[in-house]
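Reading through the structure tokens given below for one structure.
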Protein chains: 2
Amino acid sequence: MSKFQQIAIEIEKYIKENSLQKGEKLPIIDELKAKFGVSKSTILKSLDMLERKGVVYQVRGSGTFFRGQKPRGFVSLLSNQGLTNNLNDYKITSEVIKFCTSKPTQEVAHHLNIGMDNELYCVKRIRYLNEEALSLEESFFNKSIVMYLNNEIVTGSIFRYIKNGLGLKLGFSDRYLHVDKLSAEEANYLGLEQGEPKLKVETIYHLKNGQPFVFSKINYSYKQSKFFLQTHNDSFEVTHA
Amino acid sequence: MSKFQQIAIEIEKYIKENSLQKGEKLPIIDELKAKFGVSKSTILKSLDMLERKGVVYQVRGSGTFFRGQKPRGFVSLLSNQGLTNNLNDYKITSEVIKFCTSKPTQEVAHHLNIGMDNELYCVKRIRYLNEEALSLEESFFNKSIVMYLNNEIVTGSIFRYIKNGLGLKLGFSDRYLHVDKLSAEEANYLGLEQGEPKLKVETIYHLKNGQPFVFSKINYSYKQSKFFLQTHNDSFEVTHA
DNA sequence: GAGTGGTCTAGACCACCCC
DNA sequence: GGGTGGTCTAGACCACTCT
């Protein structure tokens, strides 16, 4: 792991160990520089990373400050990993409804940028949070990238397996959200009534090299799902009119 | 504006003018370096910014590539500005239901980190997209920061005014989302039925110096609201177990 | 004015991809 | 092995805040 990542971890550890409160100041850059024996740019890169992660904010001429504790029980919408990493303190289980190989529909082929004759793994499962239905999830894996899945893997954290088991390097994802009413079938799986609210999230996951490899559609129960999102103005608003 | 921002804009312009398609390669860093007459780090910073913005992705040992056109008609959940910047091609209008000054509730005081005796501007309005109700929005502005608002401003893009009119520097925001059923009152404003789905989004906006200055609650109609979100693995998954 | 973060440079060296 | 991005350095200079 690179220095700046290591240092970012150390700084997070520092925040935790010193029980910093929201708005409290971190050591200044020169101090961190001395402490870790690296150049200013490296410290800056660590702090930038923590800023993007929502851990700190930097104020020119003033200092770097802790942004505060993350709310518990909320799923972060940033992060390319499933729920398992997000809800550490909660018990997440899965019930697999369908697990098979098949050819893509046109929609899926398009999202995964593959031909109609490409093989896929299809997984449909219900996820439970503390025994209560959280989401109904259908995923399509490009089998030429995710070469192997079995029932056991599919019952647990598929993303952890993809990363640690297969050693694939996750890159970025595109996510589409909209609110709608549950169909009769969906309601049945989630223990709710037809027509009740759901959040539908469609995600295309890409490897580091830009190749899409999973398309997933998730319907979240309105009773359980709370999401969290932190943003900041990386001069984001700049456009070329 | 700094060089790297300027260059980022130039690169976006290049992508547009050359009609790059998804996955097409951009000039390599050395070329960009020469073209703009700056050091490698500066180019890197521009590309990193574009990567975080979801415009490009970089592959070590291979190159930098265009990530593709943004979907139209979706509201990006990143970005600290209201709808007006997001839905350029659409006609956004507002109907102001309430506009007044008042003291905060306990909830609002907490989110804005102020005392119960602090003055606020309260704005409640319905936003329409192409004449159809999109959202019901209630916002609370810390009056000691947002010193002045009037009916005209409140009918348009409040954020544009805050940035350009008042010259305040927007920083970051915390956003909480959940799906729920419309109350009778909400449904009435949005032209829907009680119990139909909504997306409730609560946001706390902060200035660059970390000071919270607006708290807003928005209820989106399920008929209109489509959201979009791009993420990437800035080594995000790193945690200190 | 002193303190502190932000930008930028020139160059060294490393890690990964692809032929 | 050649091409290309990623990390890191040491230091100069700038911009903002705070008192």
Side-chain angles (χ1 to χ4, degrees), chain A residues 1-9 11 23-52 55-67 145 167-172 206-211 232-235 238, chain B residues 1-9 11 23-52 55-67 167-172 207-211 232-235 238:
Chain A
M1 185 174 325
S2 49
K3 278 192 198 175
F4 80 89
Q5 288 179 332
Q6 199 61 56
I7 290 171
I9 293 174
I11 294 174
E24 265 193 88
K25 192 172 175 183
L26 275 72
I28 66 171
I29 291 179
D30 271 344
E31 265 179 68
L32 295 170
K33 231 178 82 168
K35 178 169 176 187
F36 294 109
V38 297
S39 72
K40 183 178 172 183
S41 324
T42 303
I43 297 295
L44 243 334
K45 211 165 177 195
S46 303
L47 291 177
D48 283 353
M49 183 181 145
L50 291 177
E51 184 164 51
R52 287 200 300 279
V55 176
V56 303
Y57 58 94
Q58 295 177 81
V59 184
R60 166 144 37 183
S62 177
T64 305
F65 304 87
F66 180 45
R67 194 157 153 183
I145 297 174
L168 293 174
K169 285 182 211 145
L170 277 57
F172 51 90
H206 306 255
L207 297 179
K208 259 214 161 108
N209 69 8
Q211 201 170 5
H232 37 107
N233 257 1
D234 271 328
S235 339
V238 179
Chain B
M1 185 174 328
S2 49
K3 278 193 199 176
F4 81 91
Q5 287 178 334
Q6 199 61 55
I7 291 171
I9 293 174
I11 294 174
E24 265 193 88
K25 191 171 172 179
L26 275 74
I28 64 172
I29 291 178
D30 272 342
E31 266 178 69
L32 295 170
K33 230 179 81 168
K35 180 170 175 186
F36 294 109
V38 297
S39 72
K40 183 178 173 183
S41 325
T42 303
I43 297 294
L44 243 334
K45 210 166 176 192
S46 304
L47 291 177
D48 283 352
M49 183 182 145
L50 291 177
E51 184 164 51
R52 287 199 301 279
V55 176
V56 304
Y57 58 94
Q58 296 177 81
V59 183
R60 188 189 318 228
S62 178
T64 305
F65 304 87
F66 180 44
R67 195 157 153 182
L168 292 175
K169 285 182 212 148
L170 276 57
F172 52 91
L207 297 178
K208 259 216 162 103
N209 70 8
Q211 201 169 5
H232 35 107
N233 258 0
D234 271 329
S235 340
V238 179

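Chain letters run A, B, ... following the sequence lines, proteins first and then strands; every chain starts at 1. Quick caveat: nothing in here was measured; it's all calculated off a predicted structure.
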Fill in the blank from the handout: Between A:Leu170 and A:Lys208 the two heavy atoms that sit nearest each other are O-CG, 3.5 Å
Exercise for the section: Using the closest heavy atom to pick a nucleotide of DNA chain D for each, name whichever of A:Gly37 or B:Ile29 lands nearer the 5' end. Expected result: B:Ile29
Show me the protein contacts with nucleotides 17-19 of chain D, counting only N or O atoms at under 3.5 Å.
residue, atom, partner, partner atom, Å
D:dT17, O4', A:Gly61, O, 3.3

Exercise for the section: Enter the distance from B:Leu26:CG to B:Leu32:CG here, rounded to the nearest 0.5 Å. Expected result: 7.0 Å
Exercise for the section: Calculate the interatomic distance between B:Lys25 atom NZ and D:dT4 atom C1'; express it in whole Å. Expected result: 7 Å
Which side-chain N or O atoms in residues 35-49 of chain B pair as donor and acceptor under 3.5 Å with protein atoms at least two apart or in another chain?
residue, atom, partner, partner atom, Å
B:Ser39, OG, B:Thr42, OG1, 3.4
B:Ser46, OG, B:Phe4, O, 2.8
B:Ser46, OG, B:Thr42, O, 3.2
B:Asp48, OD1, B:Gln58, NE2, 3.1

Exercise for the section: On DNA chain C, reading 5' to 3', which nucleotide is the first and which the last to sit with an atom under 4.0 Å from a heavy atom of chain B, could you check? Expected result: C:dT7 to C:dC17
Exercise for the section: Apply side-chain contact (heavy atoms from CB on, under 4.5 Å) to B:Lys25 and list each qualifying residue two or more places apart in sequence or on a separate chain. Expected result: B:Ile28, B:Phe65
Exercise for the section: Return the minimal non-hydrogen interatomic distance between B:Arg52 and B:His232, and the atom names on each side. Expected result: CA-NE2, 3.0 Å
Problem - Residue pairs passing the salt bridge (charged side-chain N to carboxylate O under 4.0 Å, His left out) test where at least one lies in residues 56-67 of chain B, sequence neighbours excluded - result: A:Asp174-B:Arg67
Completion exercise
In numerical order, the residues of residues 38-46 of chain A whose heavy atoms come under 4.0 Å of DNA chain D are A:Val38, A:Ser39, A:Ser41, A:Thr42, A:Lys45
Practice task
Indicate the atoms forming the closest heavy-atom contact of A:Phe66 with A:Tyr57, along with that distance.
Solution key: O-CE2, 3.9 Å
Problem - B:Ile11 CD1 to B:Thr64 OG1 distance, which is reported to the nearest 0.5 Å - result: 8.5 Å
